[in-house]
Protein chains: 2
Amino acid sequence: MVTIYDIAKEANVSPATVSRVLNRQGNVRDETAQKVLKVAKKRNYSPNTMARSLRTKKTNLIGLIIPDIENPIYPAPVRGIQDVANRKDYSVIIHSTDGDERKEIDTIRRLTAVGVDGLIINISEACTLLVEEIRRLRRISLPVVALGPWHPDLEIDCVSVNNEKGAYMATEHLLKLGYHKVAIIKGPEGNISSRERFLGYKKAMEDYCEPISEGMISEGNFKLGSGYKAAKRLIEKNKLDAIFCVNDVMALGAMAAIREEGLRIPDDIALIGFDDIELANLSRPSLSTVAQPKYETGKIAAELLFKQIEGKLSSGKYYSIEPNLVIRETTLKVKEMTTT
Amino acid sequence: MVTIYDIAKEANVSPATVSRVLNRQGNVRDETAQKVLKVAKKRNYSPNTMARSLRTKKTNLIGLIIPDIENPIYPAPVRGIQDVANRKDYSVIIHSTDGDERKEIDTIRRLTAVGVDGLIINISEACTLLVEEIRRLRRISLPVVALGPWHPDLEIDCVSVNNEKGAYMATEHLLKLGYHKVAIIKGPEGNISSRERFLGYKKAMEDYCEPISEGMISEGNFKLGSGYKAAKRLIEKNKLDAIFCVNDVMALGAMAAIREEGLRIPDDIALIGFDDIELANLSRPSLSTVAQPKYETGKIAAELLFKQIEGKLSSGKYYSIEPNLVIRETTLKVKEMTTT
DNA sequence: ACTTTTTATGAAATAGATTTCATGAAATAG
DNA sequence: CTATTTCATGAAATCTATTTCATAAAAAGT
């Protein structure tokens, strides 16, 4: 590999001058600069990033920690992040940690050791060790932004859909359509998004004076199979005419279960999800859902991160993204015949 | 940040000894080692990766270049790569380049400057500049493996589904079912995967003595809308009773087009795709397709890369992954009534 | 014409590890 | 009991770029 010294020797100048030319720091005679540039180009010189980073404490790398790139809600925000990073000549290191606290902490350690200039994290459960680790990042003043819901007392920038509002919209939509016994399939207890969405659901039901009985609440783990099973459990208890699922993937599982029970969608049971994954529009019947501008969310998170990287003024703000109700076939038909 | 010198001073040894202890290189008295370890732990020492990399020429980073993480065929292999990399204490830098040659070359440059220990690339068209760039990588003996089809004269390891065989299987499946006029929706001309799949299709048609007329070949760009339009063009020419699409996404587009034309699947037109994306199983009717073990493909590519990183013996082998025929509803019903 | 400022440059220090080489001590061999 | 090998350790070199400091030359000011 050709170094700055090789260039210096060949151009009959000192390494310092070469460095100055290559970083266009001025204070170099134009003639000298041209000479250096010519040699550098000729020898196809490319600076050694490690050496540079060692000196400047900048790596032009950012880290991204998500539970699982295979989960269809992540590719879009990831792409948003990549696009803004790449435009700024940054690369992004991505880790999938399966929401496993141990892995998350290890990854944060690893990335700080690598010397990333900033970190975007999507963490579903705020366990104590993890919170402590993130506090440490604040102390060494490493720019961090949270993608998705986050602890209110942890003062970091955060960008997330308004989960509660989205869930409220979905539930209200069903209620307005004339459904009364709206069941919910939620996520694991510790999951923050699921908790927020559950809150929105509860609020809507209360506002419309619909009671929520025990048999109307079921729990899954965000995966297809769990949605299927949760729906079966709900149908068995027979106390519902609509289901709100806290994510689309489980909704699709529920759809299979409902179909298997010989019930029609939306005539017997209406169904609505959350996320608006690509699949939602392509399933039959197509799935009504709450959309979040996923690419945008990633983009905003990255922009926030770079604002910190460039200016160091992290505000600990919460950027709430407005959800969007997408009405498709699973909630299409109005059910007024039963109420009239 | 605490350095090796701080540890050395506090433990009353030289930095050299600290380094030896921390890298468990032996030749250190046990007592000394314990002392160093204790101080290191107490001061929460973590080595500066840039400094280390500068000396050792190893970054524990690998690069991954794909067209677009949002394309549903990529998340699974990406996860496969992440998993084997992370297990070896490596991180992976991912770039989406949209198959744009300029971006691909720039990214390769950028990643080599960062000093990645290896590179996995998925490049759909083998343009000359790009090929030249990859030759350069070989010259500086940077481990590289291609994910997906690749130039035969470029001597790098490559792991890919057997595209031709998969396409043959799909086409043969339709032909055996009694369909005769099997049309194809292929990808852009330069795309290697598409070309290979087209070859398999052609071979099957020839083997079964079915002529391929002009009106039976249509072209898309792998995206949903292009599949829709291509199918419309085919139906207009009215010379088909089945369609093989070189990817599932276009097949789903075609499905929408066929439905819109008032035709039934598979009764009027049978349909088969390629890739087996998650959507394929969830669409109605569910889509028959050719599956490739996507996670596995990524995993194998990464393992190959690490074999090179560790041993430096790159073989330029072609690892062919066996495709799998997945029969679902779009090719379910046998069409023998028309032939008998 | 002489001092002061500005400009262009190089030598050397620096970043934080790893590694080579040298050395004294301890262990083993003859 | 010497001679040789092995072991444990530290000093210094190294990796490659950036940056500070010093200096000489040129330009500007009085």
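Predicted model, so just to flag it, every value in this text is computed and none were measured.
- Comment: B:R102 engages B:D106 in a salt bridge, judged by a side-chain N to carboxylate O separation of less than 4.0 angstrom.
- Look at NZ on B:K58: it is 16 Å from C1' on C:dT19, rounded to the nearest Å.
- Atom CD in A:Q25 sits about 11 Å away from atom C1' in D:dA17, given to the nearest Å.
- Computed from coordinates, the A:I4 CD1 to D:dT19 C1' distance equals 11 Å when rounded to whole Å.
- Remark: A:R55 is not in phosphate contact with D:dT16, judged by side-chain N or O atoms under 4.0 Å from OP1 or OP2.
- Rounded to an integer number of Å, the gap from CG of B:L54 to P of D:dT14 is 14 Å.
- The separation between B:N27 atom CG and C:dT23 atom C1' is 15 Å, rounded to whole Å.
- Rounded to whole Å, the distance from CZ on B:R29 to P on C:dA25 is 13 Å.
- Remark: D:dA28 base-pairs with C:dT3; criterion is Watson-Crick or G-U wobble with both hydrogen-bond distances under 3.5 Å.
- Nearer to the 5' terminus of DNA chain D, by closest-nucleotide assignment, is the contact made by B:N12 (compared with the other of B:N12 and A:T49).
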Residue pair A:Y295, A:D83: steps toward the side chain to side chain donor-acceptor pair (under 3.5 Å) verdict: CA-CA 10 Å; A:Y295 177 92; A:D83 283 352; 2.6 Å; yes

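- A:S46 and B:R109 form no side-chain donor-acceptor contact under 3.5 Å, judged by distance and modelled atom types alone.
- Looking at A:D117 and A:Y90, their side chains do bring a donor and an acceptor atom within 3.5 Å of each other.
- Residue contacts shown for A:T32 are limited to sugar-phosphate atoms, with no base heavy atom under 4.0 Å away.
- At a threshold of 4.0 angstrom between heavy atoms, the contacts of A:N48 are confined to the sugar-phosphate backbone, with no base atom among them.
- Pairing partner, C:dG30: D:dC1, with both Watson-Crick or wobble hydrogen-bond distances short of 3.5 Å.
- To the nearest angstrom, P of D:dA17 lies 8 Å from OH of A:Y5.
- Annotation: of the two residues near DNA chain D, B:S14 and A:T56, the 5′-most nearest-nucleotide partner is B:S14.
- Here B:K57 reaches the OP1 or OP2 of D:dT16: one of its side-chain N or O atoms lies under 4.0 Å away.
- Phosphate contact (OP1/OP2 of C:dA8, side-chain N/O of A:R20, threshold under 4.0 Å): absent.
- Using a 4.0 Å cut-off, some side-chain N or O of A:N23 falls inside it from OP1 or OP2 of D:dT18.
- Under 4.0 angstrom from either OP1 or OP2 of C:dT18 there lies at least one side-chain N or O belonging to B:R52.
- For the pair A:K9 NZ and C:dG10 C1', the interatomic distance rounds to 16 Å; values are reported in whole Å.
- Contact check, B:T17 against D:dG10: a side-chain N or O comes under 4.0 Å of OP1 or OP2.
- For the pair B:T3 and C:dG16, the criterion of a side-chain N or O lying under 4.0 Å from OP1 or OP2 is not met.
- A:V13 comes within 4.0 angstrom of sugar-phosphate atoms only, judged by non-hydrogen atoms across all strands, and of no base.
- Nearest heavy atom pair, residue A:E104 against residue A:G99, reads OE2-CA, 3.4 Å.
- Among the candidates A:I121, A:I300, A:L305, A:I156, the single residue satisfying the side-chain contact (heavy atoms from CB on, under 4.5 Å) test with A:V145 is A:L305.
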